[in-house]
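Written below as structure tokens is the structure these notes are about.
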Amino acid sequence: MLTEKFLDVISHEGVVAIVSCADNEAHVVNTWNSYLHITEDERILLPAWSMRKTEKKVIKNDTILLTVGSKEVEGKMGPGTGFLVKGTARFISSGPEWDMMKENFSFLTRVLEVTVESIKQTV
């Protein structure tokens, strides 16, 4: 499901927007493309340090949106492209994936795991 173009985008630095929604309120938090780790089964793992409001919303509604982009990758209309990813989320606080992410991101307190349901190139 994750395309070569998407993987190319996240290999370049850019901002990732993470959108969660519950109680009729959306919440947005950001991270970096370089922080995304793709598992063999194409889940996206992100280090979480704060993200407490995101976690509270995910507990109530696990649907999550991510936007990722890079001006370094050719898009549909010229330089730069981005993607909208829809999936389900959960926070992980122990286990082998947490350990692996902690080795790479010493600041994390939890790992945000996103199981991708759909992906769409936006530009």
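Just so you know, these numbers come straight off a predicted model, no measurement behind them.
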Without swapping roles, check the side chain of D23 against the backbone of E25 for a donor-acceptor pair under 3.5 Å. no
Out of curiosity, does M101 fall in the hydrophobic cluster containing I38 (side-chain heavy atoms, cut-off under 4.5 Å, transitive links)? no
Do V116 and L2 touch side chain to side chain, with heavy atoms closer than 4.5 Å? yes
Ring pair (Phe, Tyr, Trp, His ring centres under 6.0 Å) contacts touching residues 56-80 (sequence neighbours left out): none
Grouping I, L, V, M, F, W and Y whenever their side-chain heavy atoms are under 4.5 Å apart, do V58 and V111 come out in a common cluster? no
Sequence neighbours excluded and cut-off under 3.5 Å, please list the side-chain donor-acceptor pairs for residues 66-84, or say none.
unit_1: S70; atom_1: OG; unit_2: E72; atom_2: N; d: 3.0
unit_1: K76; atom_1: NZ; unit_2: Q121; atom_2: O; d: 3.1
unit_1: T81; atom_1: OG1; unit_2: Q121; atom_2: NE2; d: 2.8
unit_1: T81; atom_1: OG1; unit_2: V123; atom_2: O; d: 2.4

Determine whether V85 and F6 make a side-chain contact, defined as any pair of heavy atoms from C-beta on separated by less than 4.5 Å. yes
Would you give the length of the straight line joining atom CE of M51 to atom OG1 of T109, rounded to the nearest 0.5 angstrom? 9.0 Å
Side-chain donor-acceptor pairs of residues 8-20 under 3.5 Å, sequence neighbours excluded:
unit_1: S11; atom_1: OG; unit_2: D8; atom_2: O; d: 2.6
unit_1: H12; atom_1: ND1; unit_2: D8; atom_2: O; d: 2.8
unit_1: E13; atom_1: OE1; unit_2: N33; atom_2: N; d: 3.2
unit_1: E13; atom_1: OE1; unit_2: S34; atom_2: N; d: 3.2
unit_1: E13; atom_1: OE1; unit_2: S34; atom_2: OG; d: 3.4
unit_1: E13; atom_1: OE2; unit_2: S34; atom_2: OG; d: 2.7

Atom pair CG (L112) and CD1 (I44), whose distance is rounded to the nearest 0.5 Å: 9.5 Å
Ring pair (Phe, Tyr, Trp, His ring centres under 6.0 Å): pairs with one or both residues in residues 37-58, sequence neighbours excluded: none
Under the side chain to side chain contact (heavy atoms under 4.5 Å, CB included) test, which residues partner E4, sequence neighbours left out? L7
On a heavy-atom basis, which atom in V114 and which in G87 lie closest, and how many Å separate them? CG1-CA, 4.3 Å
If you look only at pairs with a residue in residues 28-37, which of them pass as a salt bridge (Lys or Arg N to Asp or Glu O under 4.0 Å), with sequence neighbours excluded? none
Value rounded to 0.5 Å, distance of CD1 in I64 from NZ in K86: 12.5 Å
Pairs in or reaching into residues 94-122: which pass salt bridge (Lys or Arg N to Asp or Glu O under 4.0 Å), with residues at least two apart or in two chains? R43-E97, R43-E113, E55-R110, R90-E113
Hydrophobic cluster identity match, L46 and M1, side-chain contacts under 4.5 Å: yes
Among all residues two or more places apart in sequence or in another chain, which pass the side chain to side chain donor-acceptor pair (under 3.5 Å) test with E40? none
Go through the structure and list residues passing side chain to side chain donor-acceptor pair (under 3.5 Å) with T88, not counting sequence neighbours. none
Indicate the atoms forming the closest heavy-atom contact of F91 with A48, along with that distance. CE2-CB, 3.8 Å
Once rounded to the nearest 0.5 Å, what's the spacing between atom OH of Y35 and atom CG of N104? 11.5 Å
Test of understanding: clusters of I, L, V, M, F, W, Y form through side-chain heavy atoms closer than 4.5 Å, transitively. Do L36 and F105 belong to the same one? no
Test of understanding: clusters of I, L, V, M, F, W, Y form through side-chain heavy atoms closer than 4.5 Å, transitively. Do V29 and W32 belong to the same one? no
Minimum heavy-atom distance between A22 and K57, given as atom pair plus value: O-NZ, 3.2 Å
